[in-house]
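Letters go in sequence order (proteins before strands), and every chain restarts at 1. Everything numeric here is computed off the predicted structure, so don't read it as measured data.
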Protein chains: 2
Amino acid sequence: MAKKPIELGEGELAVMRALWEGGPQTVRDVMNRLHERGRNVAYTTVLTFLTRLEQKGVVASDKRDTAYVYRARISRQSVTASRIKTLVDQLYDGAAAPVLLHLIEHERFTPQEIAQLRKLIQDLDSRAEDPR
Amino acid sequence: MAKKPIELGEGELAVMRALWEGGPQTVRDVMNRLHERGRNVAYTTVLTFLTRLEQKGVVASDKRDTAYVYRARISRQSVTASRIKTLVDQLYDGAAAPVLLHLIEHERFTPQEIAQLRKLIQDLDSRAEDPR
DNA sequence: GACGCTCTACGACAGATGTAGTATCTTCTC
DNA sequence: GAGAAGATACTACATCTGTCGTAGAGCGTC
């Protein structure tokens, strides 16, 4: 049941972001994106990342013309979920509230975000009553 | 200015928790706590963790009687802040909102927590208007 | 003062991650 | 079809983290 946590290192995550933000790409495309973001890694380093990520099952590749095109098989949301769960478990035994409160108290949000937030808070009530 | 991120592994974090929750302790005390929590590590493993944590500057020790007593030098809050910042930076380029929304949508909270949440949301307005 | 208990110091080792070099293979261009 | 350009495969290596084992130092008890 409990899906295995997706553990990705910082570099691997940077590569995933390139795929999430740019869609399916070749190694070279990903490398260029990383360079644009200030991460000047070698072509082969990117290839290593992609290969490892494929082994982990989080990206897939297809041969197209001369080069392979890689694409993400997991969403940014699922990685976010995984990271948050790990954080919350490791720091607060699974209690999400402290983390949530920390975010609200220490981060800044736009009025739009606050509005959205408020809306969600309302729905929370019903969920709180909701058994299970 | 920007304080360097505090990067701790899972085992190191488990040791920090023992110190946060039990106050200053000896290696053996920490080990016992970890065992209680189901992490059956060897005495020397705990010692290694504590030593490394001290090298990182996040715990301190004092010789008392026969054994050293270790204590945390950083708070759980600061580690939480650090972890969240890293997460938010790596996944959303620093935008905290997606993470916040994820938490609200996917985690459960008690009515008390929701109430507290609501109260905080109110204060948010003023902060949002507040320049800088 | 020898014995045993407990503690610390040090070293080791495997797996994960970040990084890249070299070798080989494909393909495009004259 | 030979050479250049670009792609992938394979290997390597350092660092960090989790995990211990062993050796030696300090102290309490006969």
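Per the geometry, CG belonging to A:Asp65 stands 16 Å off P belonging to D:dG6, to the nearest Å. Taking atom NE2 of B:His35 as the reference point, atom P of D:dC20 lies 8 Å away to the nearest angstrom. Atom CD of A:Gln90 and atom P of D:dT17 are 13 Å apart (whole Å).
When only modelled atom types and interatomic distance are considered, B:Arg17 and A:Gln90 share no side-chain donor-acceptor pair under 3.5 Å. In this model, a donor atom of one side chain and an acceptor atom of the other lie less than 3.5 Å apart for B:Thr26 and B:Asp29.
Side-chain atoms of A:His102 never come within 3.5 Å of backbone atoms of B:Thr80 as a donor-acceptor pair (strictly under, hydrogens ignored). A distance-only check finds no donor-acceptor pair linking the side chain of A:Glu107 to the backbone of A:Glu105 [under 3.5 Å].
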All N/O donor-acceptor pairs, side-chain side in residues 64-74 of chain B, below 3.5 Å, sequence neighbours left out:
unit_1  : atom_1 : unit_2  : atom_2 : d
B:Arg71 : NH1    : B:Asp62 : OD2    : 2.5

5' to 3', nucleotides 6-21 of chain C under a 4.0 Å protein heavy-atom cut-off (B base, S sugar-phosphate only, - none) gives -SBB-BB----BBBBB
